[in-house]
Q: 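Below you'll find the structure I mean.
Everything numeric here is computed off the predicted structure, so don't read it as measured data.
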Amino acid sequence: RVITPKQSLIFLCLFFLPSLSFAEFQSNDEIAIQLIAASKDYPIQQRIKTQSGVLLNTPYLAGALGEGVSGKYDQNPLYRFDYFDCETYVDTVMALVLAKNLTDFRSKINQIRYKQANVNFTQRNHFPSADWIPNNKKNGFIRELTYFIAGQKTKVSRAQINRRSWYHYLTADRIQIAYLTPQEKESRLTQLKSEGETLYFSKKVSIAYIPVFELLRNPKLRQKIPSGSLIFFVGHDTYLTSRIGTPMNVLHMGFAIWNKGQLYCRMASSKAKRVLDVRFQDYLKTYLPLGTLDGISVWAIQA
């Protein structure tokens, strides 16, 4: 029987905090409070496994988070627990893991999602290799493990992120404000494009990775990946480039989770339409016919 995210959450909170009642699980704030309290005394790897596990089976929604009710272009919530995409799932789990309380959680998720915690669409960490990774490295939230794991087998992927072109390719569905008419959304989109194209140009980026074929044929290499690691799937996709106006060298992100001697990728999947665990080797093999995956970049989350 499939366990839903709400059932998992209730089970976790009842297991660790028996005095809680179901009536308390009514808001995102209350869910965050209980999740932080339930595992705050665990070592960080266990916190990552626990917090990410509670959210298994949560439905997938692209662009699940935005800038909240005051957002100029995207008024989706700043945080939520009913929907995720691959990045917002990682953002939320990281914020839960690093937070001491609700106020800290709100602060952490803004630091993770935005450059210098400036809650603005144009300051959001849209590109993993150009924004998300360098900004969260500066925050002190992540530390690279790729070279430590793979040594001389490590390779480097390079790309030219064309931010101006990406803004030019945005469509009206990026304007996530429910009360606007289609005409008003087009007008707001014009403002967003003008703002973004003025602010940003191209940026050369690079990211180290462990080649996919090395990972598939070398179980000892896979065993070096710690449970709770942050995994970036490094590659190239010409179809994606044609759709969004710029190359990308990070295609996906999630967590590496060891369970009963097996390594899993825990992620929000657009294909499965939910958060799920997939055996690591099996997931890597799904990319082989496509030829788009070069390898993975591995990072530790640190408090």
Side-chain angles (χ1 to χ4, degrees), residues 5 9 12-13 16-17 25 27-56 58 61 63-71 74-128 130-145 226-232 253-257 266-268 275 299-303:
L9 176 60
L12 177 70
C13 292
F16 288 101
L17 302 171
F25 302 101
S27 73
N28 288 319
D29 284 352
E30 288 164 338
I31 290 171
I33 289 167
Q34 304 307 334
L35 285 176
I36 293 165
S39 64
K40 66 179 182 179
D41 296 326
Y42 286 7
I44 190 164
Q45 286 183 320
Q46 185 59 40
R47 295 205 302 274
I48 295 166
K49 186 175 182 179
T50 300
Q51 304 287 25
S52 62
V54 167
L55 302 173
L56 284 167
T58 306
L61 177 67
L65 298 183
E67 282 70 62
V69 293
S70 61
D74 186 344
Q75 293 187 0
N76 279 321
L78 282 163
Y79 54 93
R80 67 196 301 179
F81 296 94
D82 55 346
Y83 292 101
F84 297 110
D85 58 30
C86 70
E87 183 214 322
T88 60
Y89 174 60
V90 168
D91 294 341
T92 304
V93 171
M94 276 185 61
L96 288 169
V97 165
L98 297 175
K100 297 179 177 65
N101 50 49
L102 177 61
T103 301
D104 196 25
F105 169 78
R106 291 171 173 169
S107 174
K108 288 291 193 301
I109 201 162
N110 288 343
Q111 291 175 64
I112 291 165
R113 283 181 51 76
Y114 300 94
K115 183 177 180 180
Q116 297 178 342
N118 181 0
V119 180
N120 186 302
F121 185 96
T122 60
Q123 298 301 307
R124 200 193 294 177
N125 291 326
H126 293 290
F127 298 97
D131 303 320
W132 201 101
I133 292 173
N135 288 337
N136 279 292
K137 189 176 178 181
K138 287 179 183 177
N139 288 337
F141 295 158
I142 59 172
R143 173 173 51 87
E144 187 166 16
L145 301 177
S227 192
S229 299
L230 183 56
I231 303 294
F232 296 93
M253 59 200 296
F255 298 99
I257 301 292
R266 181 169 289 173
M267 59 187 177
V275 177
W299 295 71
I301 299 170
Q302 56 187 16

Q: Determine, step by step, whether Glu67 and Gln75 satisfy the side-chain contact (heavy atoms from CB on, under 4.5 Å) criterion, reporting the C-alpha distance in whole Å, the side-chain angles of both residues, the deciding distance to 0.1 Å, and the verdict.
A: CA-CA 5 Å; Glu67 282 70 62; Gln75 293 187 0; over 6 Å; no
Q: Using a 3.5 Å distance criterion without hydrogens, assess whether the side chain of Arg124 forms a donor-acceptor pair with backbone atoms of Arg113.
A: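 No; judged by distance alone, with no hydrogens or angles, the pair does not exist.
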Q: For Phe255, run the ring-ring contact (aromatic ring centres under 6.0 Å, His included) check against Tyr89, Trp299, Phe232 and tell me which one passes.
A: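 In the set Tyr89, Trp299, Phe232, the residue that makes a ring-ring contact (aromatic ring centres under 6.0 Å, His included) with Phe255 is Tyr89.
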Q: Can you check side-chain contact (heavy atoms from CB on, under 4.5 Å) on Leu35 and Leu96, steps first, answer last?
A: CA-CA 7 Å; Leu35 285 176; Leu96 288 169; 3.9 Å; yes
Q: Measure the CE-CG distance between Met267 and Asp85 for me, rounded to the nearest 0.5 Å.
A: 13.0 Å
Q: Does any part of the side chain of Met94, heavy atoms only, come nearer than 4.5 Å to the side chain of Ile142, both counted from C-beta?
A: yes
Q: Rounded to the nearest 0.5 Å, what's the gap from CZ on Arg80 to CD1 on Ile31? Could you check?
A: 11.5 Å
Q: Ignoring hydrogens, what is the shortest heavy-atom contact between Ile109 and Leu78? Give both atom names and the distance.
A: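 Looking at all heavy atoms of both residues, the closest pair is CD1-O, 4.0 Å.
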Q: Which side-chain N or O atoms in residues 134-141 pair as donor and acceptor under 3.5 Å with protein atoms at least two apart or in another chain?
A:
residue: Asn135; atom: ND2; partner: Asn125; partner atom: OD1; Å: 2.7
residue: Asn135; atom: ND2; partner: Asp131; partner atom: O; Å: 3.2
residue: Asn136; atom: OD1; partner: Asn139; partner atom: ND2; Å: 3.3
residue: Asn136; atom: ND2; partner: Ile112; partner atom: O; Å: 3.1
residue: Asn136; atom: ND2; partner: Trp132; partner atom: O; Å: 3.0
residue: Asn139; atom: ND2; partner: Gln111; partner atom: O; Å: 3.1
residue: Asn139; atom: ND2; partner: Asn135; partner atom: O; Å: 3.3

Q: Would you name the heavy atoms of Tyr79 and Asn28 that are closest together and state the gap between them?
A: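 Scanning both residues, the minimum pair turns out to be O-ND2, 3.6 Å.
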Q: Does a sphere of radius 6.0 Å around CZ in Phe127 hold more than 12 heavy atoms from other residues, nucleotides or ligands, not counting ones at 6.0 Å or beyond?
A: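 It does: Phe127 CZ has more than 12 such atoms within range.
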Q: Tell me the closest heavy-atom pair linking Ile48 and Gly228, and the distance in Å.
A: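 Here Ile48 and Gly228 meet closest at CD1-O, 3.4 Å.
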Q: Return the set of residues passing salt bridge (Lys or Arg N to Asp or Glu O under 4.0 Å) with Arg106 (not counting sequence neighbours), or none when no residue passes.
A: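 Result, salt bridge (Lys or Arg N to Asp or Glu O under 4.0 Å) vs Arg106: Asp29.
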Q: Is it the case that Gln46 and Ser39 place a side-chain donor and acceptor less than 3.5 Å from each other?
A: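 No donor-acceptor contact under 3.5 Å links the two side chains.
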Q: Give a yes or no answer on whether the side chain of Gln302 reaches the backbone of Arg143 with a donor-acceptor pair at less than 3.5 Å.
A: no
Q: Any donor-acceptor pair under 3.5 Å linking the side chain of Thr50 with the backbone of Arg47?
A: no
Q: Can you measure from NZ (Lys100) to CD1 (Ile36) and round to the nearest 0.5 angstrom?
A: 11.0 Å
Q: So, for Ser227 and Ile257, which heavy atoms are closest and what is the spacing to 0.1 Å?
A: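 For Ser227 and Ile257, the tightest heavy-atom pair comes out as OG-CA, 3.7 Å.
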Q: Indicate yes or no: at least one non-hydrogen side-chain atom of Met253 is less than 4.5 angstrom from one of Ile231.
A: no
Q: At what distance, to the nearest 0.5 angstrom, does OG of Ser107 lie from CG of Leu98?
A: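 It is 10.5 Å, given to the nearest 0.5 Å.
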Q: Quick one: does Leu61's side chain get under 4.5 Å of Phe84's, heavy atoms only?
A: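 No. Closest side-chain heavy atoms not under 4.5 Å.
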Q: Give me the atom names and distance for the closest heavy-atom approach of Leu145 to Ser229.
A: CD1-OG, 4.1 Å
Q: Run the side chain to side chain contact (heavy atoms under 4.5 Å, CB included) test against Asn118 and tell me which residues pass, sequence neighbours left out.
A: Asn120, Gln123
Q: Give the minimum heavy-atom separation between Arg266 and Ser52, together with the two atoms involved.
A: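 It is NH1-OG, 3.0 Å.
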Q: Within this structure, what is the NZ-CG distance for the pair Lys40 and Asp104, rounded to the nearest 0.5 Å?
A: 11.5 Å
